[in-house]
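This report concerns only the one structure given below.
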Amino acid sequence: MTSIDDTLSEIRWLRNEIWRCRRLLSAGLPSAERKLVEKRLLEQLSVFEGLLSTAFPLTLGSTVYSVESTTGRSDSPEAVIENAAMTSSVTFDKSISG
């Protein structure tokens with residue numbers, strides 16, 4: 001069984017990796033590299049959400065944002081990335097603020 005300290009350490013590591021991916025995406029990567037970073041970001045966000053829900057099961061809500069309501073456009077990959085990032089940020093903020 002994993003201790004809460006190990007779980008929190010993994011959450012911090014994933015948060016830092018998510019921030020790193022966001023910085024890379026804002027740097028203007030070539031198309032092929034951008035797709036790889038976007039895929040990695042979505043994987044990390046999924047793992048991040050899972051860890052948060054197991055570490056803080058009572059404080060997390062199941063708020064789901066639609067792409068259209070948050071960005072106004074639903075067909076671009078950036079909208080999906082921004083939507084996923086906002087969802088995890090909001091959930092994480094709720095978990096640490098109580």
Side-chain angles (χ1 to χ4, degrees):
M1 182 157 175
T2 307
S3 73
I4 189 70
D5 290 335
D6 293 339
T7 303
L8 292 174
S9 177
E10 190 171 356
I11 288 170
R12 281 189 297 272
W13 180 83
L14 277 166
R15 180 200 59 200
N16 292 338
E17 288 296 306
I18 290 167
W19 287 346
R20 185 180 67 80
C21 285
R22 289 178 185 162
R23 282 192 308 271
L24 285 172
L25 289 173
S26 68
L29 295 171
S31 179
E33 289 179 24
R34 183 174 187 79
K35 288 187 185 294
L36 290 173
V37 172
E38 286 174 350
K39 180 181 175 189
R40 181 69 179 151
L41 176 60
L42 290 174
E43 290 169 357
Q44 289 172 338
L45 287 168
S46 175
V47 173
F48 184 75
E49 288 292 327
L51 278 173
L52 285 179
S53 66
T54 58
F56 307 104
L58 299 176
T59 58
L60 293 178
S62 60
T63 306
V64 177
Y65 297 94
S66 71
V67 174
E68 288 114 7
S69 69
T70 58
T71 63
R73 53 180 203 232
S74 62
D75 55 345
S76 73
E78 290 83 12
V80 174
I81 300 293
E82 290 170 11
N83 183 36
M86 182 169 44
T87 301
S88 66
S89 297
V90 168
T91 306
F92 184 67
D93 289 343
K94 285 181 184 177
S95 70
I96 60 174
S97 64

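Quick note: numbers below take in every heavy atom, side chains included, and nothing from hydrogens, waters or symmetry partners. The structure presented is a predicted model; accordingly, all values stated were derived computationally and were not measured.
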Within the side chain of Arg34, is there an N or O that forms a donor-acceptor pair under 3.5 Å with the backbone of Gly28? no
So, taking the atom named CD1 in Ile18 and the one named CG in Asn16, what distance separates them when rounded to the nearest 0.5 Å? 9.5 Å
For Lys35, is there an ion pair with Glu38 - N to carboxylate O distance below 4.0 angstrom? no
Inter-residue atom distance Leu52.CG - Leu8.CG, 0.5 Å rounding: 9.5 Å
Roughly how far, to the nearest 0.5 Å, is CH2 of Trp19 from CG of Leu24? 15.0 Å
If I take atom CZ from residue Arg15 and atom CG from residue Leu45, how far apart are they, to the nearest 0.5 angstrom? 13.5 Å
For Thr7, the side-chain contact (heavy atoms from CB on, under 4.5 Å) test, sequence neighbours excluded, returns Thr2, Ile11, Leu51, Ala55
Does Leu36 share a hydrophobic cluster with Val47, counting links as ILVMFWY side-chain heavy atoms below 4.5 Å and allowing steps through other members? no
Distance (rounded to the nearest 0.5 Å) between Arg40 CZ and Arg20 CZ: 8.0 Å
